[in-house]
Amino acid sequence: MTVSDDALPDRSLLLRTLVPVLGLLCPDAVACDITAAYVWGVDAYPHGTRVTRTRLHVAVPRGVRRVATQAVVAHHEPVPPHERVEVEGARITAPARTAADIAARAPSLFLATSRLDMFLSRGLVHRHELVAAARRRRPSGQNARLRAALRLSSGLSHSPAESWARVLVRSTRLPPPEPQCPVPTREGVFHADLGWPRYRLALEYDSREHHADPRARALDRYAAMADEGWGVVPIGIHDLCAQPGRLLRRLQDELTARGWSCSREDAQALRRDVLRFDRHPPRLR
């Protein structure tokens, strides 16, 4: 099975490293977790990590105990034949198994969801395959996070930050947004990162890292949306990491000004949600 490098610089070197390491461990050793994800083109390593300079994640049968821990993180768990494939001579977990593993082991729901989104948006898996992979996992506390991430996941997300913003909003009593929401304008149809068509409100993650448009072009896009009666809330990583409660209050105010309302019970729950994120910002790294 072949996979494109997908712009990950160390993928080829990683594969060349994996082949002899897996052969030395045992015939049933399979690269898994974030190591396998990198082979599939999904980088789930901490920012700045050189993949070839960190330990490899490998699944080995439970009976295999003598594993060089300085080079390998051993996961003593079975990988049945239908959940493994061979890529350029290296045995790795199949996309659905890999996605389920790295989402279940993610340190937060935000990261778990963005990891599933990356597999879905790249066309590596379909939702029904993720659901099946989740059902095959052994019962554990990690499964609850995986199931929650599955409910929130979307193949329409274009970046982890878009996924994080969507999870933040969906974790409150605010109305659920539509990812890649179409906004017809005289300049053409733009697609907001998140949008509420009923209230003509868009949320745009403003970062040169994830948007190819220069800043001036982004402002032109916002102006075109405004001409059609849409409000635009631009956000950056600081809003998600350090000021999530402030962002949620702004969205609440914008939506309310545009006609949204909720019950007293929902308003109280929303207030609690906002305070919770004020005290405990989401873990995004």
Enquirer: Between Arg258 and Trp196, is a side-chain contact (heavy atoms from CB on, under 4.5 Å) present by the stated rule, with each step listed?
Expert: CA-CA 10 Å; Arg258 291 174 171 273; Trp196 292 265; over 6 Å; no

Enquirer: Quick check against the 3.5 Å criterion: does Arg11 have a side-chain atom that pairs as donor or acceptor with the backbone of Tyr38?
Expert: no

Enquirer: Membership question, hydrophobic clusters at under 4.5 Å side-chain separation (ILVMFWY): are Leu194 and Trp260 in the same one?
Expert: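 Linked, Trp260 and Leu194 end up in one cluster.
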
Enquirer: Where do Asp33 and Arg97 land on the salt bridge (Lys or Arg N to Asp or Glu O under 4.0 Å) test, with the steps shown first?
Expert: CA-CA 9 Å; Asp33 204 79; Arg97 167 65 184 264; over 6 Å; no

Enquirer: Would you give the length of the straight line joining atom CG of Asp193 to atom NE2 of His158, rounded to the nearest 0.5 angstrom?
Expert: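 Rounded to the nearest 0.5 Å, the CG-NE2 separation comes to 8.5 Å.
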
Enquirer: Would you give the length of the straight line joining atom CE of Met225 to atom CZ of Phe190, rounded to the nearest 0.5 angstrom?
Expert: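 Going from CE on Met225 over to CZ on Phe190, the span is 6.5 Å.
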
Enquirer: When you compare the side chains of Thr35 and Arg55, does any donor N or O come within less than 3.5 Å of an acceptor on the partner?
Expert: no

Enquirer: Examine Ile92 and Val21 and state if one hydrophobic cluster contains both, with Ile, Leu, Val, Met, Phe, Trp and Tyr joined whenever side-chain heavy atoms are less than 4.5 Å apart.
Expert: yes

Enquirer: For Arg84, does its backbone N or O pair with a side-chain atom of Arg91 as donor and acceptor, under 3.5 Å?
Expert: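 Answer holds: no.
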
Enquirer: Do the charged groups of Arg105 and Glu77 touch, with an N to O distance under 4.0 Å?
Expert: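 A salt bridge links Arg105 with Glu77.
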
Enquirer: Flag the pair Leu15 / Ser12 as yes when at least one side-chain heavy-atom distance between them is below 4.5 Å, and no otherwise.
Expert: no

Enquirer: Keeping Thr17 on the side-chain end and Leu13 on the backbone end, is there a donor-acceptor pair under 3.5 Å?
Expert: yes

Enquirer: Minimum heavy-atom separation for Val51 to Asp10, with atom names?
Expert: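 Shortest heavy-atom contact: N-OD2, 4.1 Å.
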
Enquirer: Do Arg115 and Asp101 sit within salt-bridge range, that is, some charged N less than 4.0 Å from a carboxylate O?
Expert: no

Enquirer: Can you find a heavy atom in the side chain of Arg166 that is under 4.5 Å from one in the side chain of Thr113?
Expert: yes

Enquirer: Which pair of heavy atoms, one from Leu18 and one from Ala90, lies closest together, and at what distance?
Expert: CB-CB, 4.1 Å

Enquirer: What heavy-atom pair brings Gly155 and Leu120 nearest, and what distance separates the two atoms?
Expert: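 Closest heavy-atom pair between Gly155 and Leu120: CA-CB, 3.6 Å.
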
Enquirer: Indicate yes or no: at least one non-hydrogen side-chain atom of Arg221 is less than 4.5 angstrom from one of Glu187.
Expert: no

Enquirer: For Ala133 versus Ala100, what's the shortest heavy-atom pair and its separation?
Expert: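 Shortest heavy-atom separation between Ala133 and Ala100 comes out as CB-CB, 4.1 Å.
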
Enquirer: Report, one line per pair, each donor and acceptor closer than 3.5 Å where one atom sits in a side chain of residues 230-242; sequence neighbours left out.
Expert:
| residue | atom | partner | partner atom | Å |
| --- | --- | --- | --- | --- |
| Asp239 | OD2 | Gly236 | N | 2.8 |

Enquirer: Using every non-hydrogen atom in the two residues, find where His75 and Cys32 come nearest and quote the distance to one decimal.
Expert: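 Heavy-atom minimum between the residues: CD2-SG, 3.5 Å.
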
Enquirer: For the residue pair Ala104 and Gln142, what are the closest heavy atoms and their distance?
Expert: O-CB, 3.5 Å

Enquirer: Tell me, yes or no, whether the heavy-atom count around Arg198 atom CZ, taken from other residues, nucleotides or ligands under 6.0 Å, exceeds 12.
Expert: no

Enquirer: Please list, one pair per line, the donor and acceptor atoms closer than 3.5 Å that link side chains of residues 169-183 to other protein atoms, with sequence neighbours excluded.
Expert:
| residue | atom | partner | partner atom | Å |
| --- | --- | --- | --- | --- |
| Ser171 | OG | Val167 | O | 2.6 |
| Thr172 | OG1 | Val169 | O | 2.8 |
| Thr172 | OG1 | Leu174 | N | 3.1 |
| Arg173 | NH1 | Asp266 | OD1 | 2.5 |
| Gln180 | NE2 | Glu162 | OE1 | 3.1 |

Enquirer: Apply side-chain contact (heavy atoms from CB on, under 4.5 Å) to residues Arg283 and Phe110 and explain how you reach the verdict.
Expert: CA-CA 7 Å; Arg283 185 174 179 180; Phe110 289 79; over 6 Å; no

Enquirer: Are Leu25 and Val58 close enough that some pair of their side-chain heavy atoms sits under 4.5 Å apart?
Expert: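 Yes, at least one pair of side-chain atoms sits under 4.5 Å.
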
Enquirer: Using 0.5 Å steps for rounding, measure from the CG atom of Asp227 to the OH atom of Tyr222.
Expert: 15.0 Å

Enquirer: Hey, are the side chains of Leu56 and Leu14 touching, using non-hydrogen atoms and a 4.5 Å cut-off?
Expert: yes

Enquirer: CG of Leu203 to CG of Leu247: how many Å apart, nearest 0.5 Å?
Expert: 6.5 Å

Enquirer: Is a salt bridge present between Arg16 and Glu88, judged by a nitrogen-to-oxygen distance below 4.0 Å?
Expert: no

Enquirer: In Å and rounded to the nearest 0.5 Å, what is the CG to CG distance from Leu130 to Leu146?
Expert: 8.0 Å

Enquirer: Could you check Leu152 against Leu109 for side-chain contact (heavy atoms from CB on, under 4.5 Å), going step by step and ending with a plain yes or no?
Expert: CA-CA 9 Å; Leu152 294 171; Leu109 178 61; 3.7 Å; yes

Enquirer: Is there side-chain contact between Ile102 and Phe119, with at least one heavy-atom pair below 4.5 Å?
Expert: yes

Enquirer: So, do Val30 and Leu22 sit near enough that their side-chain heavy atoms are less than 4.5 Å apart?
Expert: no

Enquirer: Might you confirm whether atom CZ of Arg127 has over 12 heavy atoms from other residues, nucleotides or ligands at distances under 6.0 Å?
Expert: yes

Enquirer: Roughly how far, to the nearest 0.5 Å, is the CH2 atom of Trp40 from the CG atom of Leu8?
Expert: 13.0 Å

Enquirer: Quick check on His280: does its NE2 atom have over 12 non-hydrogen neighbours (other residues, nucleotides or ligands) under 6.0 Å away?
Expert: no

Enquirer: Establish whether Leu124 and Val79 are linked, either directly or via other cluster members, by ILVMFWY side-chain heavy-atom contacts under 4.5 Å.
Expert: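 Unlinked, Leu124 and Val79 end up in two clusters.
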
Enquirer: Among all residues two or more places apart in sequence or in another chain, which pass the ring pair (Phe, Tyr, Trp, His ring centres under 6.0 Å) test with His126?
Expert: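 Ring pair (Phe, Tyr, Trp, His ring centres under 6.0 Å) list for His126, sorted by chain: His128.
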
Enquirer: Flag the pair Asp273 and Arg276 as a salt bridge only when some basic side-chain nitrogen lies within less than 4.0 angstrom of an acidic carboxylate oxygen.
Expert: yes

Enquirer: Between Val42 and Thr98, is there a side-chain heavy-atom distance shorter than 4.5 Å?
Expert: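 When only atoms from C-beta onward are counted, Val42 and Thr98 do not touch, as no gap falls below 4.5 Å.
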
Enquirer: Testing Ser153, Ser121, Ser154, Ser157 one by one against Ser163 for a side chain to side chain donor-acceptor pair (under 3.5 Å), which residue passes?
Expert: Ser157

